[in-house]
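Working notes for the structure below.
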Amino acid sequence: VWTPRFEIDTNGKVGIGMNGQDLNDLLEVNGQIRAKEVLVETINWPDYVFKKGYDLKPLQEVEKYIEENGHLENVPSAEKVEKEGVQVGDMSNILLRKVEELTLYVIEQNKKIEAQEKELKELKKRLEKSQK
């Protein structure tokens with residue numbers, strides 16, 4: 001029995017390794033795809049995270065969300081991804097937003113550490129003076 005490995009249907013949809021299955025998308029591949037490069041065009045790149053007024057949730061809220069839902073807010077759950085898959089451009093956008101949010105949290109934590117170090121130095125100086 002001959003099975004087609006490559007097909008183009010009457011609507012111009014292309015299937016590779018689909019074995020006669022109905023094609024739903026313009027290109028469907030049943031198997032691994034290897035490429036040197038893939039360009040995914042997306043909109044609303046998350047630089048807005050760094051603009052004034054961005055609602056960066058307090059870490060306590062992030063922790064609570066994770067405890068209640070088992071994943072980060074605005075990130076699809078493993079169950080959803082296993083069932084529906086994930087759009088590469090959308091996921092890149094989501095991940096970059098989370099990296100940018102993490103960067104803001106790290107900057108905030110660093111400022112607190114620097115302020116604590118300064119306060120500690122001042123307290124040490126006062127203590128040294130009071131002991132003389």
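In this text, all values refer to a predicted model and were calculated from it rather than measured experimentally.
A single hydrophobic cluster is not seen to contain both L59 and V99; linkage of ILVMFWY side chains at heavy-atom distances under 4.5 Å, directly or through other members, places them apart. By the rule that hydrophobic residues join a cluster once side-chain heavy atoms approach within less than 4.5 Å of another member, Y105 and V49 end up as members of one cluster.
With sequence neighbours left out, E100 forms a salt bridge (charged side-chain N to carboxylate O under 4.0 Å, His left out) with no residue at all. Scanning for side-chain hydrogen bond (donor to acceptor under 3.5 Å, both in side chains) contacts around K98 gives E101, with sequence neighbours left out. Scanning for salt bridge (charged side-chain N to carboxylate O under 4.0 Å, His left out) contacts around K57 gives D55, with sequence neighbours left out.
To the nearest 0.5 Å, atoms CD (E73) and CD1 (I94) are separated by 11.5 Å. The distance from atom NZ of K129 to atom CG of L127, rounded to the nearest 0.5 Å, is 12.0 Å. Note that CG of L104 is 8.5 Å distant from OH of Y54, once rounded to the nearest 0.5 Å.
The hydrophobic cluster around L26 extends to none of the other residues, as no ILVMFWY side-chain heavy atom falls under 4.5 Å of it. I107 belongs to no multi-residue hydrophobic cluster, having no ILVMFWY side-chain contact under 4.5 Å with any other such residue.
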Could you tabulate the donor-acceptor pairs under 3.5 Å formed by side-chain atoms of residues 75-88, not counting sequence neighbours?
residue	atom	partner	partner atom	Å
S77	OG	K80	N	3.1

All N/O donor-acceptor pairs, side-chain side in residues 32-48, below 3.5 Å, sequence neighbours left out:
none

Using distance only, find each side-chain donor-acceptor pair of residues 110-123 under 3.5 Å and give its atom names and separation, not counting sequence neighbours.
residue	atom	partner	partner atom	Å
N110	ND2	E114	OE2	3.3

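Applying the ring pair (Phe, Tyr, Trp, His ring centres under 6.0 Å) test to pairs two or more places apart or on separate chains, those with a residue in residues 65-84 are Y65-H71. Residue pairs meeting the salt bridge (charged side-chain N to carboxylate O under 4.0 Å, His left out) criterion with at least one member in residues 62-71, sequence neighbours excluded: K64-E68.
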Apply side-chain contact (heavy atoms from CB on, under 4.5 Å) to residues R5 and N19 and explain how you reach the verdict. CA-CA 6 Å; R5 297 280 181 206; N19 297 327; 3.9 Å; yes

Test side-chain contact (heavy atoms from CB on, under 4.5 Å) on V62 and L72; report intermediate values, then the result.
CA-CA 7 Å; V62 174; L72 288 170; 4.2 Å; yes

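Between the side chain of D25 and the main chain of E28, no donor-acceptor pair closer than 3.5 Å is present.
The two residues K13 and L23 come nearest to each other via the heavy atoms O-CD1, 3.4 Å.
Residues I16 and E7 have side chains not in contact (no heavy-atom distance under 4.5 Å, counting atoms from C-beta outward).
Taking a 6.0 Å sphere around CG of N11, one finds it holds more than 12 heavy atoms contributed by other residues, nucleotides or ligands.
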